[in-house]
Protein chains: 2
Amino acid sequence: MKLTSKGRYAVMALVDLARFDNISPVSLRDISLRQGISLDYLEQIFSKLRKNQIVQSVRGTQGGYVLNKKAKEIKLTNIFDAVDEKVKTVQCKKESKKGCNGKLTKCVTHNLWDDLDKHINNFFEQKSLEDLVKDNSEKRI
Amino acid sequence: MKLTSKGRYAVMALVDLARFDNISPVSLRDISLRQGISLDYLEQIFSKLRKNQIVQSVRGTQGGYVLNKKAKEIKLTNIFDAVDEKVKTVQCKKESKKGCNGKLTKCVTHNLWDDLDKHINNFFEQKSLEDLVKDNSEKRI
DNA sequence: ATAAACCTGACTAAAATAGTCAAGTATCAT
DNA sequence: ATGATACTTGACTATTTTAGTCAGGTTTAT
């Protein structure tokens, strides 16, 4: 099990954005430089974040992105959902009455993955962007 | 983020084993048939489980595998560790004092992944093989 | 007008995954 | 003893996912 860079970058970029977007829109170029993430890749990520109403874009010179909601209202769940960073556990065909892998019974671990899903998503639902920004600024000297 | 088949299969196979190994060693062939997992793949998985002292092998005719500890004492953590199903979150170079991606400061989300690690591992440490076997037999008719 | 910055889609190298395949070795039942 | 069963090991491979790159736009402040 692993977290991919896409999810990690999305969070890093949004924390960056949350810090600076009250002054003026933040350009991806700036985020790219500060966070060390490829500009082209950031564009892909922000395209998804925008489609999911997490950020708003401001076009033209001096343009960039701003958060679409308050940092407090953006949970990690929302971010991960937006960039398709999902907790995939059970690959069983849920549609089929026969259950997992065409077997007659549910695979013995079916419920386990459901529980795990809940457990992880619970964590993601607790944490907001604001929490992360605070965590980070506290540790600054 | 996802759970791979290897971890899923390992758990499925061990639950199967826990059910039947008090009668006699369980052959991989039987597990393969009951759980619908390729025999060759099971062999890879059990090789790792054996090296990590989770199961014992019994060679020869009527041979197979038995659990090396009581089902209660085998936690999911142990199983996932054995088959290299790890929760990978931070890919930052921990050795370097410079921290994540060669930046001067820790990447803003560094602590987040640490927390997530703990949260998930906490779940895995709670659940034992016995829990899974019980869960499953209760739901049988 | 022109440069900054967003926007889109197609493409690709590298890594991970989910196996397969081949060639053993050990041991029990007869 | 000998054959069948079942464990053991290591190499190989097709597919998928990841983590980007690349090329071409469009919008708008100045």
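Labels below follow one simple rule: chain letters A, B, ... track the order of the sequence lines, proteins then strands, and each chain is numbered from 1.
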Query raised in the report: So, D84(A) and K6(A), do they make that salt bridge, N to O below 4.0 Å?
Result: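 Between K6(A) and D84(A) there is no salt bridge, as every charged N stays at least 4.0 Å from the carboxylate O atoms.
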
Whole angstroms only, please: what is the [atom1]-[atom2] distance between [X] and [N]?
X      : N       : atom1 : atom2 : answer
N68(A) : dC6(C)  : CG    : C1'   : 16 Å
I45(B) : dT8(D)  : CD1   : P     : 15 Å
Q44(B) : dC12(D) : CD    : P     : 14 Å
R59(B) : dC28(C) : CZ    : C1'   : 13 Å
L42(A) : dC22(D) : CG    : C1'   : 16 Å
L49(A) : dC6(C)  : CG    : P     : 13 Å
E43(A) : dA10(C) : CD    : P     : 16 Å
Q62(A) : dT2(C)  : CD    : C1'   : 14 Å

Query raised in the report: Base, sugar-phosphate, or nothing for F46(B), non-hydrogen atoms under 4.0 angstrom?
Result: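 Nothing, no nucleic acid heavy atom in range.
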
Requested in this report: Would you classify V55(A) as touching base, sugar-phosphate or nothing, given that sugar-phosphate means primed atoms plus P, OP1 and OP2, and contacts are heavy atoms under 4.0 Å?
Outcome: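 The answer is nothing, as V55(A) stays clear of every strand by at least 4.0 Å.
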
Looking at [X] and [Y], what are the two nearest heavy atoms and their distance?
X      : Y       : answer
A18(B) : V133(B) : CB-CG2, 3.7 Å
S32(B) : S38(B)  : OG-C, 4.2 Å
L17(B) : V66(B)  : CD2-C, 4.2 Å

What nucleotide, of [options], holds the atom closest to the side chain of [X]?
X      : options                   : result
S27(B) : dA6(D), dC7(C), dA10(C)   : dA6(D)
S5(A)  : dA10(C), dT20(C), dA19(D) : dA19(D)
T4(B)  : dT21(D), dA18(C), dT25(C) : dA18(C)
S47(B) : dG20(D), dT26(D), dT9(D)  : dT9(D)

Strictly below 4.0 Å: does [X] bring a side-chain N or O up to OP1 or OP2 of [N]?
X      : N       : result
R50(A) : dT8(C)  : yes
T61(B) : dA29(C) : no
S57(A) : dA5(C)  : no
Y41(B) : dT13(D) : no
Y65(B) : dA6(D)  : no
R29(A) : dA3(C)  : no

Query raised in the report: Do V58(A) and L42(A) share a hydrophobic cluster, counting only Ile, Leu, Val, Met, Phe, Trp and Tyr and linking them when any side-chain heavy atoms are less than 4.5 Å apart?
Result: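 Not linked; separate clusters.
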
Query raised in the report: So, does D81(B) use its side chain to make a donor-acceptor pair with the main chain of N78(B) at under 3.5 Å?
Result: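 Judged by distance alone, no pair lies under 3.5 Å.
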
Query - Residue closer to the 5' end of DNA chain C, V26(A) versus G60(B) (nearest nucleotide) - result: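 With G60(B) and V26(A) compared, the 5'-side residue is V26(A).
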
Query raised in the report: If you pin L39(B) and K51(A) to their nearest nucleotides in DNA chain C, which one's is more 5'?
Result: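 Per heavy-atom nearest nucleotide, the more 5' residue is K51(A).
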
